[in-house]
Trainee: 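First the structure, which I've put down as C-alpha cells, then a few questions once you've had a look.
Quick note: numbers below take in every heavy atom, side chains included, and nothing from hydrogens, waters or symmetry partners. Numbered from 1 within each chain, the chains take letters A, B, ... in sequence-line order.
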Amino acid sequence: MRKDDKAMPILAVSEAKNKLTSLRREALTGKEFILADAKRKDEQAVSLISTELLDELCESKTFSYQWLDEPGSETDNYSLWNRETGVYGVGMTKKEAIFDFIDNVMDYSQVFFADLPYYLSRSNPNRGHYWYLRRILRCNDNRDMLYRMLSLEDIDE
Amino acid sequence: MGYTFTWEQLERICRKLNMERQGKTSVWKGITPDGKMRTCIIHAKHKGNIGPGLISKIAKEQLLFDSVEELYNFYKSI
C-alpha cells in the first residue's frame, strides 16, 4: 500500500498506525505523509507533517492594526482594530486597548478551535482566520510572546 | 447622521440575531435562519458608548450588516 518511492507517500490508516514512530521520525526531517482512510473514501485526506514547518508557513500571516476611535465627545475610549481577524480592543488608554485586544484575540482563538466545523464551514466568513489564530494558539497563553508575535510594540507608545 | 450604541444595546442585538455568549469569553456567535454565521466580540466590562469607528466595523464585519444605519434600523425594530 505504501509507496516509499514517492516524495509524498499516501498511506492507509492501518499501516500508518503500525509505523507511527518511524513515520514521525521521517516527518521531522520534512517529509509529508498523506493518510487515507480506505473505509471512508469520500473524506478528505489528512497529512502528517512537521509542526515546525507549519509554524514557518504561518509566519507569513502577519497582523496589522488601525486606531478607529479616540476619547472625545462620542466615546471615552480608544478602539484598536486588527484587520486580519476582525478582533478589537477597547480602553481608556492605548495600552489598555492593546491589552484588551490580547484578551479578546485569545478568547476568540479558543472559541474558534473549540468549534472548527462551524468556523471552517465554507459559508462562514471567518474561515480565513484559521492560520492567524493558529499562530495565537502556538504562543500557549504566554502574553509576552503574544505581544511580540502580534507586533504590538509597533503601535504601543 | 451619527448613530450611537451602548454595549448593552449591542448585546441585545446579538441575542436577537440568535447569537450566544461562548462560556465566560468575550465571544458571541450564532446562525440566523437565513444561514448567516456571525461572530462578535463584546467585553462585559466596557461602559458607555461604542466609538463611531468601532461600531461601523462591528456592524459590517462582525454582524454582517451593510451599514450602521441598517444596524440602527434593526435595533429599532426589536
Trainee: If Ile, Leu, Val, Met, Phe, Trp and Tyr residues are connected whenever their side-chain heavy atoms lie under 4.5 Å apart, and connections chain through other members, are A:Met92 and B:Trp7 in the same group?
Mentor: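 Different clusters.
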Trainee: Say whether A:Phe113 and A:Trp131 are linked into one hydrophobic cluster, either directly or through other cluster members, by side-chain heavy-atom distances under 4.5 angstrom.
Mentor: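 Looking at the clustering, A:Trp131 is in the same group as A:Phe113.
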Trainee: Are more than 12 heavy atoms, taken from residues, nucleotides or ligands other than B:Glu70, located less than 6.0 Å from that residue's CD atom?
Mentor: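 Check passes, neighbour count above 12.
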Trainee: For A:Thr75 and B:Asn49, test the side chains for any donor-to-acceptor distance below 3.5 angstrom and give the result as yes or no.
Mentor: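 Distance-only check fails for A:Thr75 and B:Asn49.
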Trainee: What's the separation between atom CD in B:Glu61 and atom OG1 in A:Thr85, rounded to the nearest 0.5 Å?
Mentor: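 Nearest 0.5 Å value for the CD-OG1 distance: 10.0 Å.
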Trainee: Is A:Arg143 atom CZ crowded by more than 12 heavy atoms from other residues, nucleotides or ligands, each under 6.0 Å away?
Mentor: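 Buried by this count: over 12 neighbours within 6.0 Å.
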Trainee: Give the minimum heavy-atom separation between B:Met37 and A:Ser121, together with the two atoms involved.
Mentor: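 Smallest heavy-atom distance, with atoms named: SD-OG, 3.7 Å.
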Trainee: So which residue, A:Val90, A:Val87, A:Asp76, ends up with the most heavy-atom pairs under 4.5 Å with chain B?
Mentor: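 Option with the greatest count: A:Val90.
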Trainee: Check for me, please, whether A:Ile49 and A:Leu137 land in the same ILVMFWY cluster - side-chain distances under 4.5 Å, paths through other members count.
Mentor: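 Yes, A:Ile49 and A:Leu137 fall within the same hydrophobic cluster.
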Trainee: Decide whether B:Thr39 and A:Tyr119 meet the rule of one side-chain donor and one side-chain acceptor closer than 3.5 Å.
Mentor: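 Indeed, the side chains of B:Thr39 and A:Tyr119 share at least one donor-acceptor pair under 3.5 Å.
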Trainee: In Å and rounded to the nearest 0.5 Å, what is the CG to CD distance from B:Leu54 to A:Gln66?
Mentor: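 It comes to 10.5 Å.
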Trainee: Honestly curious: do A:Trp67 and B:Ile58 fall in one hydrophobic cluster under the side-chain, below-4.5 Å linking rule?
Mentor: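 Looking at the clustering, B:Ile58 is in the same group as A:Trp67.
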Trainee: Measure distances from A:Asn104 to the heavy atoms of chain B and classify the residue's part below 4.5 Å as side chain, backbone, both or neither.
Mentor: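 Both backbone and side chain.
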Trainee: Let's test your reading of the structure: which of B:Gly23, B:Pro52, B:Gly48, B:Gly35 forms the most heavy-atom pairs below 4.5 Å with chain A?
Mentor: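 When all of B:Gly23, B:Pro52, B:Gly48, B:Gly35 are compared, B:Pro52 has the most.
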Trainee: Does one hydrophobic cluster hold both A:Ile155 and A:Trp81, with members joined at side-chain heavy-atom distances below 4.5 Å?
Mentor: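 Per the 4.5 Å side-chain linkage, A:Ile155 and A:Trp81 are co-clustered.
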Trainee: Rounded to the nearest 0.5 Å, how far does CD of A:Gln110 lie from CD of B:Gln22?
Mentor: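 Reported to 0.5 Å precision, the distance equals 12.5 Å.
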Trainee: More than 12 heavy atoms of other residues, nucleotides or ligands under 6.0 Å from NZ of B:Lys60: is that the case?
Mentor: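 Not buried by this count: 12 neighbours or fewer within 6.0 Å.
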Trainee: At a heavy-atom separation under 4.5 Å, does A:Asp107 approach chain B through its side chain, its backbone, both, or neither?
Mentor: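 Backbone plus side chain of A:Asp107, per the 4.5 Å heavy-atom cut-off to chain B.
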Trainee: Would you compute the distance between atom CG of A:Leu68 and atom CD1 of B:Ile55 and round it to the nearest 0.5 angstrom?
Mentor: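 CD1 of B:Ile55 is found 11.0 Å from CG of A:Leu68.
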Trainee: Can you confirm whether more than 12 heavy atoms, excluding those of A:Gln44, are under 6.0 Å from its CD atom?
Mentor: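 No, not enclosed.
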Trainee: Nearest 0.5 angstrom please: B:Lys29 NZ to A:Asn126 CG, how far?
Mentor: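 Atom-to-atom, B:Lys29:NZ and A:Asn126:CG are 11.0 Å apart.
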Trainee: Before giving the answer on side-chain contact (heavy atoms from CB on, under 4.5 Å), spell out for A:Val111 and B:Trp28 the whole-Å C-alpha distance, their side-chain angles and the decisive distance to 0.1 Å.
Mentor: CA-CA 9 Å; A:Val111 170; B:Trp28 290 59; over 6 Å; no
Trainee: Distance check, rounded to the nearest 0.5 Å: B:Ser26 atom OG versus A:Tyr88 atom OH?
Mentor: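 These two atoms lie 7.5 Å from each other.
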